[in-house]
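Position 1 is the first residue of the sequence; numbering continues from there. All values below come from the heavy atoms of this structure, side chains included, with hydrogens, waters and symmetry mates left out. Because the structure is a prediction, the values reported are computed rather than measured.
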Amino acid sequence: MTDDVLRERVHGLMPQAQSELAEMVSFQSVHNPEVSPPEECDKMVDWLLEAFTSLGFDEVAANETSDGSKAVTGHLDGPDDAPTVLLYFHHDVQPPLGEDEWDSPVWSLTERNGRWYGRGAADCKGNIAVHLAALRALDGDIPVNVKIIGEGSEEQGTGGIENFVPRNPDLVRADAILVVDTGNFAVGRPSLTKSLRGIANVVVSVETLGSAMHSGMFGGAAPDALAALIVMLASMRDAKGNTTIDGLDASTTFDGVDYPAEVFRTDATVLDGVDLIGSGGVADRVWARPAVTVLGMDCPPVVGSSSAVVPRARARVSLRVPPGMDSKVAQDALIDHLTAAAPWNVKVSFERESIGSPFVGSTEGPAYDSMIAAMKGAYRTDDVLLMGQGGSIPLCNVFADTFPDAEIMLLGVEEPQCLIHAPNESVDPSEIENMAIAEASFLKEYASRARR
């Protein structure tokens with residue numbers, strides 16, 4: 001099959017891809033019963049079982065994991081001497097978050113200005129559409145062995161799949177693993193994500209008084225827990241906004257694509273006149289260095305607050321951990337830093353949240369070379385970018401530990417305009433089309449290179 005024929009086939013499959021993506025988006029598959037009925041996740045799983053079975057996959061199954069989510073697995077056998085490729089996706093989605101902020105129905109795929117809108121349209125159901133279109137385009141001529149693993153609780157981060165994979169290695173063992181849950185640097189700019197930052201979160205609590213006390217009678221001598229917490233949180237950055245956690249190196253640089261500041265401002269929706277924080281290149285700041293964020297605070301809200309000294313306050317603090325840094329060491333350093341920064345001998349306590357290690361993907365080998373060639377051909381370019389992601393995908397480290405010889409690559413349709421996790425999530429259909437061409441071409445190219 002020539003590349004032109006493959007391209008024509010994928011193009012002809014796009015109406016079906018749109019229709020199937022609309023079906024997938026209609027399932028409110030948030031793996032959280034407080035947000036969405038569990039039946040919605042089950043409907044999505046049933047849809048996947050039917051879709052992959054119709055493609056000829058054998059033993060397509062929904063496997064319940066330790067957190068109650070269901071991992072979809074199956075295999076499609078190719079020639080006996082062919083390598084095995086594992087295709088990863090997740091079928092759960094983020095909650096809609098402020099449905100009144102959406103410009104179209106959350107759970108209905110809506111075409112607008114050349115993009116397709118709806119929760120999960122990109123993350124990660126658009127990537128499922130890529131897998132289906134790529135496999136259909138090969139029209140039964142599958143030159144490698146293909147396995148699938150579809151995670152059901154990735155957005156909740158409750159770890160079901162991380163427990164499932166080491167306990168069921170034969171279901172997912174492969175020579176090459178495509179984690180299709182990232183995206184290109186920009187629409188039409190083919191990219192592989194070569195690194196992920198890890199995560200080390202804590203909840204810090206400060207207590208100073210037995211109860212709230214009248215600020216007019218006691219303010220000025222009574223220690224304010226909220227003020228103390230603000231001092232502690234402010235100590236985590238310098239005047240330029242760089243993360244400055246004692247003991248953590250914040251000077252490393254990213255070896256890959258540059259991230260122009262003006263492009264980042266647009267991608268991050270930074271308001272006019274507001275400075276970017278930190279120093280050095282943007283790619284260094286968001287992909288190669290530790291970065292701290294205050295995710296939330298428990299303290300009196302403005303509406304309903306009283307004239308009282310606050311006796312207790314707490315904050316949830318997230319620390320993103322770059323490759324080369326140990327997440328447990330980083331979490332310890334964050335706790336030590338905040339403890340040392342606490343003023344007035346206030347009472348400080350911490351809750352550790354689960355940590356995720358940073359990850360570095362494959363950048364050499366027959367699968368990597370095949371993917372670079374396939375992406376160049378699909379996007380008709382001589383340049384495939386190597387980029388990082390600030391986010392964490394703990395399963396990547398599980399894959400690496402369980403299958404140390406496998407080549408692991410991260411790619412997908414989730415470029416910055418997709419606004420994943422935010423209102424008005426969308427996908428550019430050209431990304432689905434081109435990534436499907438790239439994936440189908442990769443399967444052909446990898447089979448050829450593996451036999452050399």
Side-chain angles (χ1 to χ4, degrees), residues 2-4 6-11 13-14 17 85 87-89 114-116 121-124 126-135 137-138 176-196 254-260 263-264 266-267 283 286-287 360-391 393 396 407-418 420 426-446 448-449:
T2 66
D3 291 342
D4 287 341
L6 186 59
R7 186 179 299 275
E8 289 176 6
R9 285 186 175 179
V10 171
H11 183 72
L13 288 165
M14 286 305 293
V85 176
L87 305 178
Y88 166 88
F89 57 87
R115 297 182 69 92
W116 298 344
D123 183 21
C124 178
N127 290 312
I128 298 173
V130 167
H131 291 320
L132 294 173
L135 292 167
L138 292 172
I177 300 175
L178 304 189
V179 178
V180 186
D181 187 25
T182 61
N184 290 332
F185 184 73
V187 174
R189 300 286 304 278
S191 312
L192 285 177
T193 298
K194 75 168 191 172
S195 67
L196 300 168
F254 182 74
D255 180 18
V257 64
D258 183 33
Y259 203 156
V263 174
F264 179 84
T266 299
D267 291 346
V286 298
W287 297 333
V360 178
S362 302
T363 55
E364 61 180 6
Y368 173 79
D369 293 341
S370 298
M371 181 58 73
I372 293 295
M375 295 183 84
K376 286 180 178 180
Y379 283 86
R380 293 172 169 166
T381 180
D382 293 328
D383 189 22
V384 175
L385 306 178
L386 296 181
M387 56 184 285
Q389 289 279 353
I393 305 178
C396 289
E407 294 182 59
I408 305 173
M409 291 169 285
L410 296 92
L411 63 159
V413 301
E414 301 163 28
E415 41 78 27
Q417 293 183 57
C418 291
I420 63 172
S426 69
V427 66
D428 189 312
S430 71
E431 290 293 276
I432 293 178
E433 184 168 354
N434 285 325
M435 287 306 304
I437 295 168
E439 185 173 299
S441 297
F442 163 78
L443 297 177
K444 292 171 51 188
E445 181 70 19
Y446 184 38
S448 176
R449 286 178 185 261

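- Here the OG-CE distance, from Ser441 to Met375, works out to 11.0 Å after rounding to the nearest 0.5 Å.
- Residues passing the salt bridge (Lys or Arg N to Asp or Glu O under 4.0 Å) test with Glu433: none are found, sequence neighbours excluded.
- In this structure, Trp116 has no ring pair (Phe, Tyr, Trp, His ring centres under 6.0 Å) partners at least two apart in sequence or on a different chain.
- Annotation: side-chain hydrogen bond (donor to acceptor under 3.5 Å, both in side chains) contacts of Asn184 (sequence neighbours excluded): Tyr379, Glu431.
- A donor-acceptor pair shorter than 3.5 Å cannot be found between the side chains of Thr381 and Asp383.
- For the pairing with Tyr88, the side chain to side chain contact (heavy atoms under 4.5 Å, CB included) check across Ile408, Leu410, Leu178, Asp181 returns one residue only, Asp181.
- Of the options Val130, Asp123, Ile420, Asp428, a side chain to side chain contact (heavy atoms under 4.5 Å, CB included) to Val413 is made by Val130 and by none of the others.
- Atom CD of Glu445 sits about 5.0 Å away from atom OG of Ser370, to the nearest 0.5 Å.
- Contact check for Ser195 versus Met387: no side-chain heavy atoms found under the 4.5 Å cut-off.
- Here the side chain of Arg449 pairs no donor or acceptor atom with the backbone of Ala367 at under 3.5 angstrom.
- Here the SG-CE distance, from Cys396 to Met409, works out to 12.0 Å after rounding to the nearest 0.5 Å.
- Every ring pair (Phe, Tyr, Trp, His ring centres under 6.0 Å) that Phe442 has, sequence neighbours left out, goes to Tyr446.
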Counting only pairs under 3.5 Å, give me each side-chain donor-acceptor contact of residues 187-194, with atom names and distances, residues two or more places apart or in other chains.
residue	atom	partner	partner atom	Å
Ser191	OG	Phe185	N	2.9
Ser191	OG	Arg189	O	2.8
Thr193	OG1	Thr182	OG1	3.4
Lys194	NZ	Asp255	O	2.4

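- Residues passing the side-chain hydrogen bond (donor to acceptor under 3.5 Å, both in side chains) test with Asp267, sequence neighbours excluded: Tyr259.
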